[in-house]
Amino acid sequence: MSIPLPTTLPPQDAQTLLERAKSLSGFTLGELAQRAGLTIPPDLKREKGWVGMLLEVYLGASAGSKPEQDFPEIGVELKTIPIDHSGNPLETTFVCVAPLTGNSGVTWESSHVRHKLTRVLWIPVEGERQIPLATRRIGTPLLWSPNAEEDEQLRQDWEELMDLIVLGKVESITARHGEVLQLRPKAANNKARTEAIGEKGQPIMTLPRGFYLKKSFTRQLLARHFLL
DNA sequence: ATATGATCATGC
DNA sequence: GCATGATCATAT
C-alpha cells in the first residue's frame, strides 16, 4: 500500500470522506508528513494542534479557521483523538469555546456544542509520549453521531453549565461539573480575559472557557463502534 | 481578543 | 496515575 496523496478539495459526501480517512489508517505520522512536505516537530509541546492540521491537509478540510464544522458542505466535524495501546483516549476532546454572554434564547437544540457534535469523523492516533511522533500510527476512523442516550447526557450537562454561566456563577464552575461534558480554561494563559456575567448580573472579565468531552464519554463511543 | 488545532504538566 | 487547570502556535 502506498502513502495517499493530500487532498485539496473537500469530499462530496460523508462516505467518501470516511473512505479517504480509512486509506490513511496504518500509516505513520512521519510517512504522511514527508509525503505532504511538512517538517515533523520533535514533540507536541509547542505545536499541540500539529496532528489535527496534518490530517486536515490529507482530508481536504476547508482550510482557514471558520466558526463552524470542518466540512460544512456535508455537515461533518473532524476530530483526531490520541489513544493508548488499548485504544483508550489519552486526552479530553475540545468541542468549542463557551459563550459567556449573549445567551438569552439559546437552547441545547440551537447550541454550538450540539451543532459541532451532530456528526463527527473521529480519527484515533497513537498518542503515547514514549512513541516518537514520527512513528505514531493512524487508526481506523469512525463516523459518529450521538445516539439518543448520548444526546441526552450532553444536553443535561450543557444545560447545567449554561444555567450557571447565565446566573453569573461562571467563576464557581470547575471541571468536576458535568458527567460527560465539562467546562475548562481555553486560553493562551491564565491572564487572558473575556467578558462574562458577574455574581450580581454585572459585566466582569474572566478567563475564557471551552467545552470538553470527558475521556469516559469518548471511550464509550469508540467502544460502541469497535466492539459491537 | 477570538477563533482554529489541541496537549502539557503539576497537584492531588 | 490521572484529571484539572494551564498552556502553545497561528491566523484574523
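Every chain is numbered from 1 and lettered A, B, ... according to where its sequence line falls, protein lines coming before strand lines. No hydrogens, no waters, no symmetry mates; every other heavy atom, side chains included, goes into these values.
- Checking C:dG5, B:dG5, B:dT4 against the side-chain heavy atoms of A:Val97 singles out B:dT4 as nearest.
- Partners of A:Lys79 under the salt bridge (charged side-chain N to carboxylate O under 4.0 Å, His left out) rule, at least two apart in sequence or in another chain, are A:Glu77.
- Contact annotation: the side chain of A:Leu181 never approaches that of A:Phe217 to less than 4.5 Å [non-hydrogen atoms, C-beta and beyond].
- Formation of a donor-acceptor pair under 3.5 Å by the A:Asp70 side chain with backbone atoms of A:Ala61 is not found in this model.
- For A:Thr92, the side chain to side chain donor-acceptor pair (under 3.5 Å) partners two or more places apart in sequence, or in a different chain, are A:Arg184.
- A:Lys191 places its NZ atom 10 Å from the C1' atom of C:dA6, with the value rounded to the nearest Å.
- Residue contacts shown for A:Gly49 include a base, since a base heavy atom lies under 4.0 Å away.
- When distances are taken from the side chain of A:Leu44 to each of B:dC8, B:dG5, C:dC8, the shortest belongs to B:dC8.
- A:Ala192 comes within contact range of no nucleotide atom at all, as no heavy-atom separation falls under 4.0 Å.
- Side chain A:Tyr212 to base C:dA3: no donor-acceptor pair is found below 3.5 Å.
- The salt bridge (charged side-chain N to carboxylate O under 4.0 Å, His left out) check on A:Glu159 picks up A:Arg155, with sequence neighbours excluded.
- You'll find that the side chain of A:Lys215 is closest to C:dA3, out of C:dC8, C:dG5, C:dA3.
- Following rounding to the nearest Å, A:Leu55 (CG) and B:dT7 (P) show an atom-to-atom distance of 11 Å.
- Note: CD (A:Glu171) to P (C:dT4) measures 19 Å, nearest angstrom.
- With distances taken from any side-chain atom of A:Arg184 to the nucleotides B:dA3, C:dT4, C:dC8, the minimum falls on C:dT4.
- When all heavy atoms of A:Leu133 and A:Pro42 are compared, the pair lying nearest together is CB-O, 4.4 Å.
- Residue A:Thr92 places its side chain closer to B:dT7 than to any other of B:dT7, B:dT4, C:dC8.
- Taking the side chain to side chain donor-acceptor pair (under 3.5 Å) definition, one finds that A:Trp144 meets it with A:Glu150, sequence neighbours left out.
- Atom C1' of nucleotide B:dG5 and atom OH of A:Tyr58 are separated by 18 Å, given to the nearest angstrom.
- In the set C:dA6, B:dG5, B:dT2, B:dG5 carries the atom at the smallest distance from any side-chain atom of A:Met53.
- Atom C1' of nucleotide C:dT10 and atom CG of A:Leu38 are separated by 14 Å, given to the nearest angstrom.
- Residue A:Val57 is not grouped with residue A:Leu55 when hydrophobic side chains (ILVMFWY) are merged at heavy-atom distances under 4.5 angstrom, including chains of intermediate members.
- Contacts between residues 100-117 of chain A and DNA chain C, defined by a heavy-atom separation under 4.0 Å, are absent.
- The separation between A:Lys48 atom NZ and C:dA9 atom P is 9 Å, rounded to whole Å.
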Filtered N/O pairs between nucleotides 9-11 of chain B and protein, under 3.5 Å:
{"unit_1": "B:dA9", "atom_1": "N7", "unit_2": "A:Arg129", "atom_2": "NH2", "d": "3.4"}

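- With hydrogens and angles disregarded, a donor-acceptor distance shorter than 3.5 Å links the side chain of A:Thr7 to the backbone of A:Tyr58.
- Summary of helix geometry: the two end axes of the helix from B:dA1-C:dT12 to B:dC12-C:dG1, each defined by five base pairs via their C1' atoms, are inclined to each other by 30° (rounded to 10°).
- Counting only heavy atoms from C-beta outward, the side chains of A:Leu221 and A:Leu142 approach each other to under 4.5 Å.
- For the pair A:Asn189 CG and B:dT2 P, the computed distance is 13 Å after rounding to whole Å.
- Residue pairs satisfying the side chain to side chain donor-acceptor pair (under 3.5 Å) criterion with at least one member in residues 132-141 of chain A, sequence neighbours excluded, are absent.
- In this model, the phosphate group of C:dG5 is not approached by any side-chain N or O of A:Asn190 to a distance below 4.0 Å at OP1 or OP2.
- Applying the ring pair (Phe, Tyr, Trp, His ring centres under 6.0 Å) criterion to A:Phe94, with sequence neighbours excluded, gives A:Tyr212.
- C:dA6 atom P lies 16 Å from atom CZ of A:Phe94, rounded to whole Å.
- The stretch residues 173-182 of chain A touches DNA chain C through A:Thr174, A:Ala175, A:Arg176, A:Gln182, each having a heavy atom within less than 4.0 Å of the strand.
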Under 3.5 Å donor-acceptor pairs involving side-chain atoms of residues 164-173 of chain A, not counting sequence neighbours:
{"unit_1": "A:Glu171", "atom_1": "OE2", "unit_2": "A:Thr206", "atom_2": "OG1", "d": "2.9"}
{"unit_1": "A:Ser172", "atom_1": "OG", "unit_2": "A:Lys169", "atom_2": "O", "d": "2.8"}

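- Proximity note for A:Pro82 (side chain, C-beta onward) versus B:dG5, B:dT7, B:dA3: the nearest is B:dT7.
- Looking at A:Lys186, its side chain has no donor and acceptor atom pair within 3.5 Å of the base of C:dG5.
- Considering only residues two or more places apart in sequence or on other chains, A:Pro124 meets the side chain to side chain contact (heavy atoms under 4.5 Å, CB included) condition with A:Ile81, A:Ile83.
- Within the 4.5 Å cutoff, the side chain of A:Pro185 has heavy atoms near those of the A:Leu207 side chain.
- In this structure, A:Leu90 and A:Leu207 both approach DNA chain C, and ranking their closest nucleotides by distance from the 5' end singles out A:Leu90.
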